[in-house]
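Residue numbers begin at 1 in each chain, while the letters A, B, ... track the order of the sequences.
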Protein chains: 2
Amino acid sequence: MAATIKDVAKMANVAPSTVSRVIANSSRISEKTKERVREAMNELGYHPNFNARSLANKSTKTIGIIMPNSAKIAFQNPFFPEVIRGISMKAYQEGYGLYLSTGQTEDEILQEVKNMVYGGRVDGILLLYSRINDKIMPFLIEEGFPFVLIGRPYKIDEDRVTFVNNDNFKAAKTVTEYLLLLGHERIGFIGGHLDYVVTIDHMKGYEQALTNVNIPIREEFIVHHEEVKEGGQNAIIELMSLVNRPTALVVSDDIMTFGVLRMLADMGVQVPHDMSIVSFNNVMISELSSPPMSTVDIHIYDLGFEATDCLINKIHHPTSGERKIIIPHRFIKRQTCNKQEERV
Amino acid sequence: MAATIKDVAKMANVAPSTVSRVIANSSRISEKTKERVREAMNELGYHPNFNARSLANKSTKTIGIIMPNSAKIAFQNPFFPEVIRGISMKAYQEGYGLYLSTGQTEDEILQEVKNMVYGGRVDGILLLYSRINDKIMPFLIEEGFPFVLIGRPYKIDEDRVTFVNNDNFKAAKTVTEYLLLLGHERIGFIGGHLDYVVTIDHMKGYEQALTNVNIPIREEFIVHHEEVKEGGQNAIIELMSLVNRPTALVVSDDIMTFGVLRMLADMGVQVPHDMSIVSFNNVMISELSSPPMSTVDIHIYDLGFEATDCLINKIHHPTSGERKIIIPHRFIKRQTCNKQEERV
DNA sequence: CTGAAAGCGCTTACAG
DNA sequence: CTGAAAGCGCTTACAG
């Protein structure tokens, strides 16, 4: 049906191998024949067959993107589209395509990854999340397959994986200190599932800030929920039911904060007057909350962009060492934090 | 490196063709040899090479997803992640993979589509948007390549394309009538770029509702912006600067409505007391606006799911006719609409 | 500077 | 029920 390299060769009166070399723009072919071949290609509307090329080349020029149980959780949070934006931009620049994981459970995803790797469907993989006891990363390490993690590996394997991350510990410590300096002493923490390394880092930063000023860590002030939307709302119910409520909150994710703000408004609790809040991510919509939320911009787009850069590097230079990149964060002060007055 | 069909054949003492048939689970192979071959496959950790299979098969088992200039606009709006969720689910069920467009300009995207089609990179394509004067769809029609449109084709080509859409005209008409029935007479419309068919349909529905009750359409009440976030905010400035301001608004997109609500709050305009608003999409975060927005749930997930179903059908039965599917919508009343009192 | 040939790892008529 | 052979459309040593 479609024109092949043979058709072009015939029309240009050369061998198929020559056509192939013209496509690759080999310097060993004369300008004259290049011209002739190119004309034939245009004439026939020739386009190289991707699968044939991949098979012969053992290179697909495509990157696999692995999200945590894709449909259910991941795409509910604007973090993922935004990180994919960054990935997409860099991938396009470098002529790489994007292949998306679709599995729901971890086992399904692992199976997909195996198919990608063994089947030669992608040249490298981007892991968009970091979870403890995850099976995907160990598999990739074991296989020596090029991949880059967005986030950081938990404890072990630190030196065996390239990753792009924020300093989430420090960011959480800083915003907690900020609340402390505003006079808050009863500060709660709302985070995602403790399986996620980012949650752990946020929590540790929060705890460290409290410990540094000798404020004991109160278990009941720390709540975790997996679902970002309902999670924020449920967390608030728990926290506001305490006899001794917190006056300020560190929330691990902006979408959770939307839930928190919504629920607080329903309860008639004024933010920031009655409750101060700092959050993380600064996704596109964060500035549109009511009131606009103070949050840590983690430069999600850059995470994706840099990770893709690293990955493509690894694909091209498999033996180059592992890299650890920290994308700087920036605290964006908006209107969800207040000085806490002394009022017994 | 990786085990091939030949290695398996050797180990199981059969011909490569037999191994291939075992993979395809051909009924012409005896259970005995199937068992033997499968053992060998396990032993060797065999996984079929994807590119070889695609080349021989002329089928890739992957679907191309085309978004409007991917990075910049598309992923800013939760519509796209949500529709991809639906796509992802159905694709996974049917054993299809997802390949994402990454180009930024229309020309770049068209080039990508050509590569996908001519290069045999995907078996079918999902167009996630419908824009007038778009070059992608005509190309796909011309080539007779399997694709499904989410949205509807504008005027021409109605009968030559399979599409999955909402009745956006009717939905817009209904919500406008709702505002009318609440006593509003000065109703504004904020929409996306008029290139998008969905914007046109919303606007026509809005206008029809007004015309039906003999309210003249006022140009200055209709504003369009492409950017969802800034768009909503800019639109409000324009509308509130009018001498005779609207008392109610039909807004084409929930994220725009977030911008509208934010800006209105800054201006001290009370919603719904001073301004009623209805919106479209009901994305995940819509219920978390302040106040929670009344919006039309268009079942985005279903759009993606059904479109994928249609596409896979088309891939399997290329000659079956074109289908037009309308996903039902549902108006979700929350707290952004009020009865309009008579007050000169 | 160019060509003939082998090979990438599968599938699928064809033959038996 | 199974095998030998040709073919999918490229690339790339090897030779000249």
Original post:
What integer distance in Å separates A:L55:CG from C:dG7:C1'?
Top reply: 9 Å

Expected rows: protein N/O vs nucleotides 14-16 of chain C N/O, under 3.5 Å:
none

Original post:
Are any of the side-chain nitrogens in A:K314 or A:E322 under 4.0 Å away from the carboxylate oxygens of its partner?
Top reply: yes

Original post:
With sequence neighbours excluded, what pairs up with B:T60 under the side-chain contact (heavy atoms from CB on, under 4.5 Å) test?
Top reply: A:N51, B:S54, B:T62, B:D123

**OP:** With the side chain of B:A56 defined as its heavy atoms from C-beta on, choose the nearest nucleotide among D:dT11, C:dG9, D:dC10.
**Re:** C:dG9

Original post:
Could you state the NZ-P distance from A:K32 to C:dC1, rounded to the nearest angstrom?
Top reply: 12 Å

Subject >> Euclidean distance, atom CE of residue A:M41 to atom P of D:dC10 [Å, nearest integer] >> reply: 11 Å

**OP:** Would you tell me whether A:T33 and A:S30 have side-chain atoms, one donor and one acceptor, within less than 3.5 Å of each other?
**Re:** yes

**OP:** May I ask you to evaluate whether A:T4 reaches the phosphate of D:dG9, defined as a side-chain N or O under 4.0 Å from OP1 or OP2?
**Re:** no

**OP:** Tell me whether the guanidinium CZ or amine NZ of A:R121 lies under 6.0 angstrom from the six-membered ring centre of B:F50 and within 45° of its axis.
**Re:** yes

Original post:
Will you find, in the side chains of A:Y301 and A:R85, an N or O donor that is under 3.5 Å from an N or O acceptor?
Top reply: no

Original post:
When we call it a touch if two heavy atoms are under 4.0 Å apart, what does A:Y46 touch: a base, just sugar-phosphate, or nothing?
Top reply: sugar-phosphate

Original post:
Between B:I29 (CD1) and C:dT11 (C1'), how many Å, whole number?
Top reply: 13 Å

**OP:** Return yes if the base of D:dA4 and the side-chain atoms of B:S17 contain a donor-acceptor N/O pair under 3.5 Å, otherwise no.
**Re:** yes

**OP:** Establish, with yes or no, whether the OP1 or OP2 oxygen of D:dG7 is under 4.0 angstrom from a side-chain nitrogen or oxygen of B:K58.
**Re:** no

Subject >> D:dC1 phosphate, OP1 or OP2, under 4.0 Å from B:T18 side-chain N/O >> reply: no

Original post:
Is any side-chain N or O of A:T33 closer than 4.0 Å to OP1 or OP2 of C:dC1?
Top reply: no

Subject >> Gap between atom NZ of A:K34 and atom CD of A:E39 - 0.5 Å precision >> reply: 15.0 Å

Original post:
Under 3.5 Å, is there a donor-acceptor pair between the A:Y118 and B:N49 side chains?
Top reply: no

Original post:
How is B:V14 classified with respect to the nucleic acid when contacts are heavy atoms under 4.0 Å: base, sugar-phosphate, or nothing?
Top reply: sugar-phosphate

Original post:
Taking only side-chain nitrogens and oxygens of A:N57, does any of them come within less than 4.0 Å of OP1 or OP2 of D:dT12?
Top reply: yes

Original post:
How close or far is atom P of C:dC10 from atom CG of A:N49, stated in whole angstroms?
Top reply: 17 Å

Subject >> Phosphate-side-chain proximity, A:Y118 and C:dG9, N/O vs OP1/OP2 below 4.0 Å >> reply: no

Subject >> Watson-Crick or G-U stems involving DNA chain D, each at least 3 pairs long, distances under 3.5 Å, ordered by first number >> reply: C:1-3 with D:14-16, C:5-12 with D:5-12, C:14-16 with D:1-3

**OP:** Scan A:S20 against the nucleic acid and name what it touches under 4.0 Å (heavy atoms): base, sugar-phosphate only, or nothing.
**Re:** base

Subject >> Length of the line joining B:N51:CG and D:dG7:C1', which is rounded to integer Å >> reply: 17 Å

Subject >> Spacing of A:K6 atom NZ relative to C:dA5 atom C1', expressed in whole Å >> reply: 12 Å

Subject >> B:S130 side-chain N/O to B:V197 backbone N/O, donor-acceptor pair under 3.5 Å >> reply: no

**OP:** With the side chain of B:I23 defined as its heavy atoms from C-beta on, choose the nearest nucleotide among C:dT11, C:dT2, D:dT11.
**Re:** C:dT11

**OP:** Starting from the 5' end of DNA chain D, give me the residue, A:I5 or B:A15, whose nearest nucleotide shows up first.
**Re:** B:A15

Subject >> CD/B:Q93: more than 12 non-hydrogen atoms of other groups inside 6.0 Å >> reply: yes

Original post:
In whole angstrom, what separates A:N13's CG from C:dG3's C1'?
Top reply: 13 Å

**OP:** Before accepting this row, confirm whether a basic side-chain N of the pair B:K90/B:D309 lies closer than 4.0 Å to the acidic partner's carboxylate O.
**Re:** yes

**OP:** Would you confirm whether B:H193, through its side chain, and B:D195, through its main-chain N or O, come within 3.5 Å as a donor-acceptor pair?
**Re:** yes

